[in-house]
Structures are given as C-alpha cells and as structure tokens.
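In what follows, a single structure is set out as structure tokens and then discussed.
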Amino acid sequence: MKMENGRLCVEISELGAEVTRVFDKIKQTDVLWEADPTYWKRHSPVLFPNVGKTYRNTVLIGGVQYPTSQHGFARDSRFKCICEKKNMVSFLLVSSEETKEVYPFDFELIITYRLDDNVLSVEWEVRNPGEEELYFTIGGHPAFRFAQPGEKKTDYMLKFPGKESLEYILIDPDEAAADPEKIHKLTLKNECCPLTEELFANDALIFDHGQIEEVLICHRDGTPYVKMECEGFPNFGIWSVKDAPFVCLEPWMGRCDDIGYTGELSEKPNVNKVAPGESFKKGYRVIV
C-alpha cells in the first residue's frame, strides 16, 4: 500500500501492517530504515500483545502460563487492509485459534496511518468483542536511518524539548528483563544528548513515568531531521545496534517485564485493559 503527497511517500506492508518506507521527496532521502539484515531486518514493527519480553518468555493469564515471543505476534501476522484512501489506510488483525494458543483473548487490532503534508500519524485501536476483560501492552518501533551514506551516530543528537535531564533503566543481560532498581541519569545540554555507540552498549534505554512526549533527531549543528510526538505514553524506548546507521524511537503503552515478575498479566504495571464491547485508542506522530 502507498500514500503519497507533494512532500512524502509512505509505503506499508500487510505483513505486520508495518511501514516499510518513508521517503522525503524534497530532500530525496529515505527517512525510515531499509531493513538491511546486516544490522536489523525490520523497519517499523508494531509490538502487540506484548512490548519486549515477558519474564522467562511466559505470561500468566487466568492462572495459566502461556508462551510468549519478544514483541508479540502482530509484527509477523498478516493484516487485512480494510480501508484505503489517498491519504489514509487501515489494517485489521483479528484473534484466531492460532493466536489463542499463546494469547487467550478475543481481540480486533486496527492500525490506521494518515499522511498530511510532512506528518505521518499512527493510530492503534484495540477492540474487545469477547466476554471478558482484555489485557495487553502495545508499542511502536520505528527505525530512522541517517540521511546520508557514511553518516554515523556521532553526526546526530537527540533533543528533548523542555528537559534538563532524564532517567532511564536498562535490560539485565542475564535475566533478559528490565532492572528498575538501577536508575541511570541522562544529562542534557541545551535539551540535547549526542548520539554515540556507547549510549547503546547495554541495549535499549527505557524511560518510564511518561518522561518523553516529544523527541527530535537532529543533525549535530542542531538542524531538526525527524520529530516524534507521543503525548500520554507512560514508557519510551531508544535503541540502536552497534555501528548501525539508524536509531529507533519507541513509544510504548506498557513495556517488558521487570526482573522476577511472575504475576498475572492483569496486574502488570502499565498494562492496558479493555472491557467487553469497548475499545482502546492511542497514537503518535512522525514529523519529517
């Protein structure tokens, strides 16, 4: 599927309802990572019904343990296009017997993309057609490639408007889960933090407590490259791969488990819940 105007060309696959290309027609540059498997084989996956990993790759639902995969199954599922217009497209994924083997809920996941000049808006809607409360986490994972061939992380910086510093936690490599007891401080200078390889030496940076609602990737001279707006998201991730010419800005409604979490999914911090017959909506914007 393709949406296009005078400024941007956006391509979306039915596999995962994933945006696979954002092309800036003015600057003649690709903004979204091209999924080169040398570094990372994806572009902008949707994370559902779990963001990141659950503790020891299982989740407790109604007293029953279910196996899980990192970031959930939606990113590898084929969606159905249910609406296609010049500047808007929507995709649908519905629960099945196969999904219920790992996630025992009835659900309808609708992902809608809208294009308006230089802004790509992303909206998630989770509907509950079942007879019991529905629990999940959901998140975005877009990877923004650097504008010119040969550019490195040190050619860019992150800007957090209105912030003097931020706090983040990391993934414990032995437990493959978040360690909320070790809090790290990201000190900013003029609201900015330089991008470096060392910043991601321990995987993703995880920001809790709704700290990030706006972030920009800027060139080292301060010129904005890409901006993300994500009001009301409790969690946010920033991630890259060693030597990779991209950085991921990840707005999350809920996140991976903490070390040792073995409780019910319904009791997990920042889990989203939808009553029978109701729906959940949330979205973010990418500004080129």
Side-chain angles (χ1 to χ4, degrees), residues 45-75 102-105 107 109 122-128 130 132-141 160 163 165-186 202-215 228 230-239 248-276 278-284:
V46 177
L47 318 180
F48 176 90
N50 53 282
V51 172
K53 287 189 174 184
T54 61
Y55 188 58
R56 295 183 175 170
N57 299 313
T58 65
V59 62
L60 185 65
I61 302 173
V64 179
Q65 292 280 1
Y66 293 88
T68 64
S69 58
Q70 184 176 21
H71 293 320
F73 52 74
R75 63 180 184 170
V102 295
Y103 183 66
F105 294 106
F107 70 85
L109 172 59
V122 182
E123 181 185 82
W124 309 312
E125 180 178 2
V126 181
R127 296 176 180 173
N128 183 358
E132 59 182 336
E133 205 145 45
L134 169 64
Y135 298 95
F136 62 93
T137 58
I138 189 168
H141 200 319
F160 304 90
K163 303 291 185 180
S165 64
L166 296 162
E167 291 184 341
Y168 65 93
I169 60 175
L170 296 169
I171 301 291
D172 182 286
D174 295 325
E175 295 280 5
D179 185 353
E181 300 302 318
K182 296 179 182 178
I183 299 174
H184 306 264
K185 187 173 183 179
L186 187 66
N202 296 296
D203 208 299
L205 281 61
I206 299 172
F207 300 84
D208 290 335
H209 312 301
Q211 293 180 79
I212 297 177
E213 294 192 323
E214 182 181 12
V215 57
M228 177 177 285
C230 51
E231 297 88 352
F233 280 76
N235 315 102
F236 197 94
I238 301 178
W239 176 76
C248 292
L249 304 179
E250 307 180 37
W252 300 333
M253 295 296 295
R255 61 160 173 81
C256 63
D257 283 351
D258 289 338
I259 294 172
Y261 185 77
T262 56
E264 283 275 348
L265 175 62
S266 61
E267 299 170 357
K268 176 175 171 166
N270 294 315
V271 74
N272 305 288
K273 61 181 179 180
V274 183
E278 300 296 326
S279 65
F280 159 102
K281 286 185 179 181
K282 195 65 182 174
Y284 66 94

Check whether any side-chain heavy atom of [X] sits under 4.5 Å from a side-chain heavy atom of [Y], and report yes or no.
X: Ile171; Y: Cys256; value: yes
X: Cys230; Y: Leu249; value: no
X: Glu132; Y: Phe105; value: yes
X: Tyr103; Y: Phe73; value: yes
X: Thr137; Y: Asn270; value: no
X: Glu278; Y: Asn128; value: no
X: Glu175; Y: Arg56; value: yes
X: Phe160; Y: Ile212; value: yes

[X] side chain to [Y] backbone, donor-acceptor under 3.5 Å:
X: Lys163; Y: Gln211; answer: yes
X: Tyr284; Y: Met228; answer: no
X: His184; Y: Ile169; answer: no

Rounded to the nearest 0.5 Å, the OH atom of Tyr55 sits from the CD1 atom of Ile259 at a distance of 7.0 Å
[X] to [Y] - nearest heavy-atom pair and separation:
X: Gly254; Y: Pro234; answer: N-CG, 4.1 Å
X: Arg127; Y: Leu134; answer: O-CD2, 3.9 Å
X: Gly139; Y: Trp252; answer: CA-CD1, 4.0 Å
X: Thr262; Y: Leu60; answer: O-CD2, 3.7 Å
X: Thr54; Y: Thr68; answer: OG1-OG1, 2.5 Å
X: Val126; Y: Ile138; answer: CG2-CD1, 4.3 Å

If you apply the rule salt bridge (Lys or Arg N to Asp or Glu O under 4.0 Å), what do you find for Arg255 with Asp208, and how did you get there?
CA-CA 9 Å; Arg255 61 160 173 81; Asp208 290 335; 2.9 Å; yes
Using the ring of each side chain (for Trp, its six-membered ring), is Tyr168 parallel, tilted or perpendicular to Phe207, with breaks at 30° and 60°?
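The rings of Tyr168 and Phe207 sit tilted, inter-plane angle from 30° to 60°.
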According to the interplanar angle, ranging from 0 to 90°, do the rings of Phe48 and Phe136 count as parallel (below 30°), tilted (30 to 60°) or perpendicular (above 60°)?
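Rings of Phe48 and Phe136: tilted, 30 to 60°.
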List for me each residue that meets side chain to side chain contact (heavy atoms under 4.5 Å, CB included) alongside Lys282, sequence neighbours excluded, and say none if there are none.
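Applying side chain to side chain contact (heavy atoms under 4.5 Å, CB included) to Lys282 gives Trp124, Phe233, Met253, Phe280.
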